[in-house]
4 protein chains.
Amino acid sequence: MKGGTNGRPKEGQSTRIQSINREIILYAALEVFSIHGFRGSTVDQIAARAAMSKPNLLYYFRRKQDIYRAVLEATLADWLAPLAAISPDGDPVEELRRYITAKLAMSAEKPAASRLFANEILSGAPVVGDFLRTRLKRLVDEKAGIIRDWVSAGRLAPVDPHHLIFMIWATTQHYADFDVQIRAIIGSQVDRPGFREQTAQAVLTLVLNGLKPRP
Amino acid sequence: MKGGTNGRPKEGQSTRIQSINREIILYAALEVFSIHGFRGSTVDQIAARAAMSKPNLLYYFRRKQDIYRAVLEATLADWLAPLAAISPDGDPVEELRRYITAKLAMSAEKPAASRLFANEILSGAPVVGDFLRTRLKRLVDEKAGIIRDWVSAGRLAPVDPHHLIFMIWATTQHYADFDVQIRAIIGSQVDRPGFREQTAQAVLTLVLNGLKPRP
Amino acid sequence: MKGGTNGRPKEGQSTRIQSINREIILYAALEVFSIHGFRGSTVDQIAARAAMSKPNLLYYFRRKQDIYRAVLEATLADWLAPLAAISPDGDPVEELRRYITAKLAMSAEKPAASRLFANEILSGAPVVGDFLRTRLKRLVDEKAGIIRDWVSAGRLAPVDPHHLIFMIWATTQHYADFDVQIRAIIGSQVDRPGFREQTAQAVLTLVLNGLKPRP
Amino acid sequence: MKGGTNGRPKEGQSTRIQSINREIILYAALEVFSIHGFRGSTVDQIAARAAMSKPNLLYYFRRKQDIYRAVLEATLADWLAPLAAISPDGDPVEELRRYITAKLAMSAEKPAASRLFANEILSGAPVVGDFLRTRLKRLVDEKAGIIRDWVSAGRLAPVDPHHLIFMIWATTQHYADFDVQIRAIIGSQVDRPGFREQTAQAVLTLVLNGLKPRP
DNA sequence: GATGAATGAGCCTTCATTCAT
DNA sequence: AATGAATGAAGGCTCATTCAT
């Protein structure tokens, strides 16, 4: 019997079925936590979504918190990737266009991840607080530096780099986090084929050119 | 000749102490619900914040749901006001500037209200769903029409009106909803005196002028 | 201010409005207790039926138990009267006929009283237990003696007096206590004008003559 | 692949320990409900009697109502059996003698069941109301028809069949429902060995022969 | 690797009762 | 004589977690 005295799966060594089940659980948990938040979600709900008995689920993750933490961590990596990709060597507008497009794609493809994160932050970031203050801050500050340089070089309009980043986050994530509201207002056209491209177009135009008509 | 079921305060007539306590409760509930969401909040927490015994709190609002609904409704009115104020007769840029400024002010002054709303939407809008599909949609569609006219007249750059409104919502509310994250990244300068104006400046510049340097 | 230092009404001295309100309360309490029993009834229900505020009701009867006790006691007197009226000097059949008729009349006119009593006994007679073991037992034993004498004298068929009394109680009270069941079976004819007389006729025939055809 | 909401035992399949515990609970619930009625009983009381923790009890029956309903239904079958056994082909007096004897036996052996039923009816039959109006009514009407035929054939004294049935119910159940009162009056002789037979003797004599001395 | 059974803690809500006016 | 306001003590039910198999 692998995995220690009580057969509970340790990370590192894991059979095929173990890692499969972990995936199933994490996926189910994401769906549930992203809607109801940590306290509003129940282990039962997650177990039901994972088509698994509750004790079996707790065999893989001993505590509700553990599942939550695992889902969040699995999400954070994806979260950082697009921002990390911004390079000081590219063309400023092109780099930002790519970043915005990537974030919008994530919102469309993994809305649950975005909502999970939003919920966590709204609750005061009890779990990812540390991450925000350390890794995220470092990364953001670094990229803000790049943007500042671009502005100094006259390659971007004079904007505060941090506010720019916040604005991009807000705008792109909004389409995932406030999906219900958007649907309530513009209806099912959200599900039409071209909607994503149209959205990207609108957001990019706005962020890059602004509202004032250019001569 | 009363004959009520429990001497619970009747709607319509209310004594001084009643309306005071109602206010206290709603204020406390806003604080609690805005952080933990509906399911994550407990009546105990609210009662504690209201410095009131739990049964006394339930003397004013029979059910947790009733409190939640009342807080939300009290919030929605404020919510609509700035958008409703956009007038077709004003200068487009000026009207939008005023709108954005007003929304940023609300985010700064009543962040809890914004978070409460965000939580409700994230949970699928179980309570305000109807409101979104009716009153909000009507109002947004009306204002979108105004913006469309401005664009047609060449007084605004060609933008999709709905996406513009979403973008403004996202950006302005972000400062309330993701406050914790913003603080984690740019630290306590959030609390410095001029921060609000500086934020407004940055957002307005971005939304109005865009990123690309203007010649 | 009559009635002592705190104005609570003492028995003995009472203003007109006080005794009126007491009556109203007792009447309302009878209706409620007779259906839901002591524990199943709430002061609220009684107050609502009495068209009175709860604190005002408790101004007259300090505790729920007090109301219950008062209603029961008010009922017991009526309860005993018909049995007490059985006289050793009358004709046996005539005396019993009168008794049965009187009990049936009470069932029809004051079904709630009968049900209240039934509920109390079903619950183990926590309040009237003493009464049963003392006053009621004395009275029943006395009347049983009379019946026994009648039997000895050959004026009644040889029956056990106690069982006879129980049977009369059971049969007559049944029409009040199990009213719902009777209605479910024989429907609304219960409310037809002649039903009471018809019932009396049937019960008397049975008790007096029995099932076997008489030659 | 279970995926249930809470690992609550499914109907249909049940392990040994499940059916044992269900029995224990139903038995305990019968004792409690029969004395205090539905509203007057607490899940705590039942759990205590069943020597089980409250949540464990609720693991088997999710709601207090479910337990109540289950106990009642388990009782109703027994309830109908003796009446259903009356056959048109037997001797009328003999059939009724058997019925009365059977009902008295049930009262003596399962007094709690009788009291449970009495409590339910007194409360207005909120749960068994439907049963009374359908299955019970059908059965009673059928048997009433048989009795009516017997009367027509001169094999029974002229009695109203429904009132006869009510009288038998009343009389036989009285010994269970009003046990406390009977004990208060005739004391502990209730527990003496021959009491049951003596009661049966008395009731049968009365119902069959009536009070008037036969020549 | 999986599940049925069990439980302590907590949460929403009701209710009898009291206090102050 | 009456009522609005307040509260402690349950009571029904849920839920994360553990135990045993």
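The structure displayed is predicted, hence computed values, not measured ones.
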| message | Rounded to whole Å, how long is the line connecting atom OH of D:Tyr68 with atom C1' of F:dG12? | response | 17 Å
| A:Asp177 vs A:Phe117 side-chain heavy atoms within contact, under 4.5 Å | no
| note | Nearest-nucleotide check on DNA chain E, C:Thr42 vs D:Ser53; residue mapping nearer the 5' end is D:Ser53
| message | Regarding D:Arg16, tell me which of base, sugar-phosphate or nothing describes its non-hydrogen contacts under 4.0 Å with the strands shown. | response | nothing
| request: Starting at atom CD1 of B:Ile20, determine the distance to atom C1' of F:dG4, rounded to an integer number of angstrom. | output: 14 Å
| said: Could you tell me how far apart C:Lys64 (NZ) and E:dC15 (C1') are, to the nearest whole angstrom? | reply: 8 Å
| query | Is any side-chain N or O of A:Asn21 closer than 4.0 Å to OP1 or OP2 of E:dA2? | reply | yes
| Between B:Leu26 and B:Ile67, which heavy-atom pair has the shortest distance, and what is it? | CD2-O, 4.3 Å
| Sugar-phosphate, base or nothing in reach of B:Tyr60, heavy atoms under 4.0 Å | sugar-phosphate
| said: Both A:Arg63 and C:Asn56 contact DNA chain F. Taking the nearest nucleotide for each, which residue is further toward the 5' end? | reply: C:Asn56
| task | Check whether any side-chain nitrogen or oxygen of B:Gln18 sits under 4.0 Å from OP1 or OP2 of F:dG4, and answer yes or no. | result | no
| F:dT21 - base-pair partner by Watson-Crick or wobble geometry, distances under 3.5 Å | E:dA2
| field | Cation over ring face, C:Arg63 and C:Tyr68, 6.0 Å, 45° | value | no
| remark: For E:dT14, the nucleotide meeting Watson-Crick or G-U wobble distances (both under 3.5 Å) is F:dA9
| message | Check the phosphate of F:dA6 against B:Tyr59, side-chain N and O only, distance under 4.0 Å to OP1 or OP2. Yes or no? | response | no
| said: Rounded to whole Å, please give me the gap between CD in C:Gln65 and C1' in E:dC15. | reply: 15 Å
| Rounded to whole angstroms, how far apart are NZ on A:Lys54 and P on F:dC19? | 15 Å
| task | Output yes when a side-chain donor or acceptor of C:Asn56 lies under 3.5 Å from a complementary backbone atom of C:Ser53, and no otherwise. | result | no
| field | Residue mapping more 5' on DNA chain F - nearest nucleotide basis, D:Asp44 or B:Pro55 | value | B:Pro55
| task | Give a yes or no answer on whether the side chain of D:Glu31 reaches the backbone of D:Arg49 with a donor-acceptor pair at less than 3.5 Å. | result | no
| task | Using whole Å, report how far CG of D:Leu57 lies from P of F:dG11. | result | 15 Å
| Can you tell me how far C1' of F:dG12 sits from CD of D:Gln45, to the nearest Å? | 13 Å
| said: Expressed as a whole number of angstroms, how long is the span from B:Phe38:CZ to E:dC11:P? | reply: 14 Å
| query | More 5' along DNA chain E: C:Ser41 or B:Arg39, using each one's nearest nucleotide? | reply | B:Arg39
